[in-house]
Protein chains: 2
Amino acid sequence: MTVHHLFVVDNPTALRSMPQVRPQPLRPLKTKCSDCALSALCLPIGLGGHEVAQLDTLVAQRFKVKKGAALFRTGDPLRSLYAVRIGSFKTGMVSVDGREQVTGFHIAGDMLGLDAISADAHACTAVALEDSEVCPIHYTHLENLARQLPSLQHNLTRLLSREIVQDHTLLMLIGKMNSDERLAAFLLSLSQRLSARGYSARHFVLKMRREEIGSYLGLRLETICRGIAHLRDQGLAHVEGRNVTIQDPEGLKHLVAGCHRPL
Amino acid sequence: MTVHHLFVVDNPTALRSMPQVRPQPLRPLKTKCSDCALSALCLPIGLGGHEVAQLDTLVAQRFKVKKGAALFRTGDPLRSLYAVRIGSFKTGMVSVDGREQVTGFHIAGDMLGLDAISADAHACTAVALEDSEVCPIHYTHLENLARQLPSLQHNLTRLLSREIVQDHTLLMLIGKMNSDERLAAFLLSLSQRLSARGYSARHFVLKMRREEIGSYLGLRLETICRGIAHLRDQGLAHVEGRNVTIQDPEGLKHLVAGCHRPL
DNA sequence: CGCACTGTTGATGTGCATCAAACAGCGTGG
DNA sequence: CCACGCTGTTTGATGCACATCAACAGTGCG
């Protein structure tokens, strides 16, 4: 059995189309929350050792999701939330007539599936942007454990609330900013999130295509390309293919603040 | 003391500007969750009589918020969540340079302040669109009670998750739909929410201005006016001032589904 | 009654979408 | 090895949906 068979293969292209193929848990991967480097960013934030040990019992077995495969799809019943351990995902919705809106990009330490709690079914589709690894957390078990561990319950609630805040920020971006400002805000945000995980804030690699960035920001892929060119011309950031170099973070922030348009 | 003094007066215009004036609780208004008509829509959904009685102890005293007054503002520390009992609110953010994005409209039975849990401070500003009444729910007490009442905890978590789903729907609207589609979706959504509260789905009154609808939908107020004219011309809905008549709900849905643009 | 706010409609401008073409990278197979 | 097709990216030309600007009408509150 080659490494390849450890992954679930699915349509690499889009959120829509293709029959559902549920990722299969494979040989259990042993890493637990208690010795995970992400515990400071993920569900266990601020939990005591004994508490994290109990959380460990919930995360049955991590599994891999191959690039392009769907972790879950709109309408799937809620079984687990998923913590991203390695890699990255996009989440998005598809309208009745096939228009696709990317609602988020998620990297290590992020929690996926929070929108499913509302109706016990996933409201969006999550697709891996690269070969990735997630920790499934059985939701009913998590609810039960959270009843006994107030700080776990508090963390979960905060994660939900934080997602609301992030969505509102994105709404402000799409609703009120021009294309260059949106792109600058996107790059800054990604830079900061990667930085919080110990990666370089100035140098990183985009795992998503221009089209996906465009969908996320409410723009077309060509507009993303032109925005990249503008940022380069202004010496703010250099994007070559998927490689990003932030040259002037303060300049980017200033662009996002957008004082040039008096209102 | 006139009835007027029972209200808190604040700047009636915008989310930004004007110093903060915190609404003051006044003479306690006695209605409790246990005899509130909204209990089927609000936090107590599906709770037993004994449980609702415990919830009653949290809602210290309802209070009124006058039209244009802020219930809370960005940056205010989180003390309570607020259930809208009577009236309606808009919530929104203001960017560094003063651009305002309305992130939601909230009517009776809706919960306000969920985005504050993330950082123990409100991330948006809530302003009453008309003379309104809210039930403040002290958050720390709610957290404590929820620990003892699993179904209360479950309801709270679902409310948070539902807000995420709604935000994603709005993102799809703003990111992918044209102005007429957005307006149609807005009217349909409002119609359905009012209908769920026992009001007419076909006939209702807009409590917000064109400018606020525009901000919510990522459009200018003139575009809202023109959209209204288009819906009238097509015989889908009749909007005269603030009075709305939905003439053809199915036609509106069809417009939102938007089969006319092949993708 | 008068003034400020809100809503409507028309004329014009512009930012981004759309259409189009060329190119780079990359795996495949002859 | 290179030719080939496929995917993703870049850049240019053109068009359109919505923003902007402007004038006016309706509304309501002090």
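Numbers restart at 1 for each chain; the letters A, B, ... are given by sequence-line order, proteins then strands. This one's a predicted model, so the numbers in the text were calculated from it and none came from an experiment.
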By the 4.0 Å heavy-atom rule, please label B:Gly218 as base, sugar-phosphate, or nothing.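 Contact class for B:Gly218: sugar-phosphate only.
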
Tell me what B:Arg182 touches on the nucleic acid: a base, only sugar-phosphate, or nothing, going by heavy atoms under 4.0 Å.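 The residue B:Arg182 makes no contact with any strand.
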
Walk me through it: do A:Phe105 and A:Tyr216 pass the test ring pair (Phe, Tyr, Trp, His ring centres under 6.0 Å)? CA-CA 9 Å; A:Phe105 295 112; A:Tyr216 179 65; 5.0 Å; yes

Nearest-nucleotide pick for B:Arg242, side chain only, options being D:dT9, C:dA17, C:dG7: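 Looking only at heavy atoms from C-beta outward on B:Arg242, the closest nucleotide is C:dG7.
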
Filtered N/O pairs between nucleotides 11-13 of chain D and protein, under 3.5 Å:
unit_1, atom_1, unit_2, atom_2, d
D:dG12, N7, A:Arg226, NH1, 3.0
D:dG12, O6, A:Arg226, NH2, 2.9
D:dA13, N6, A:Arg226, NH2, 3.4

Just by distance, do the side chain of A:Ser215 and the backbone of A:Val102 share a donor-acceptor pair under 3.5 Å?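 Such a contact is found between A:Ser215 side chain and A:Val102 backbone.
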
Any A:Arg209 side-chain nitrogen or oxygen under 4.0 Å from OP1 or OP2 of D:dT7: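 So the side-chain polar atoms of A:Arg209 never come under 4.0 Å of the phosphate oxygens OP1 or OP2 of D:dT7.
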
Quick one: is C:dC16 close enough that its OP1 or OP2 comes under 4.0 Å of any side-chain N or O from A:Ser179?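 Answer yes for this pair, as a side-chain N or O of A:Ser179 is under 4.0 Å from OP1 or OP2.
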
Side chains of A:Thr91 and A:His106, donor plus acceptor under 3.5 Å: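 A pair is found: one side chain offers a donor N or O, the other an acceptor, under 3.5 Å apart.
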
Answer with yes or no whether the side chains of A:Asp76 and A:His122 bring together a donor and an acceptor at under 3.5 Å.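 A:His122 vs A:Asp76: no donor-acceptor pair found between side chains.
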
Rounding to a whole Å, what distance do you find between [X]:[atom1] and [N]:[atom2]?
X	N	atom1	atom2	answer
A:Asn178	D:dT20	CG	C1'	15 Å
B:Lys207	C:dG7	NZ	P	13 Å
B:Arg220	C:dT9	CZ	C1'	17 Å
A:Glu211	C:dA17	CD	P	13 Å

Terminal helix-axis angle for the helix from C:dC1-D:dG30 to C:dG30-D:dC1, with five pairs defining each axis and rounding to 10 degrees: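 Rounded to the nearest 10 degrees, the bend comes out at 30°.
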
What pairs of residues pass the side chain to side chain donor-acceptor pair (under 3.5 Å) test when at least one of them lies in residues 231-248 of chain B, not counting sequence neighbours?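 Qualifying pairs: B:His203-B:Thr245.
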
Run the numbers on B:Thr223 and B:Ser179 for side-chain hydrogen bond (donor to acceptor under 3.5 Å, both in side chains), then give the verdict. CA-CA 7 Å; B:Thr223 308; B:Ser179 61; over 6 Å; no

Kindly indicate, with the supporting measurements, whether the criterion ring pair (Phe, Tyr, Trp, His ring centres under 6.0 Å) is fulfilled by B:Tyr199 and B:Phe204. CA-CA 8 Å; B:Tyr199 299 101; B:Phe204 52 92; 10.0 Å; no

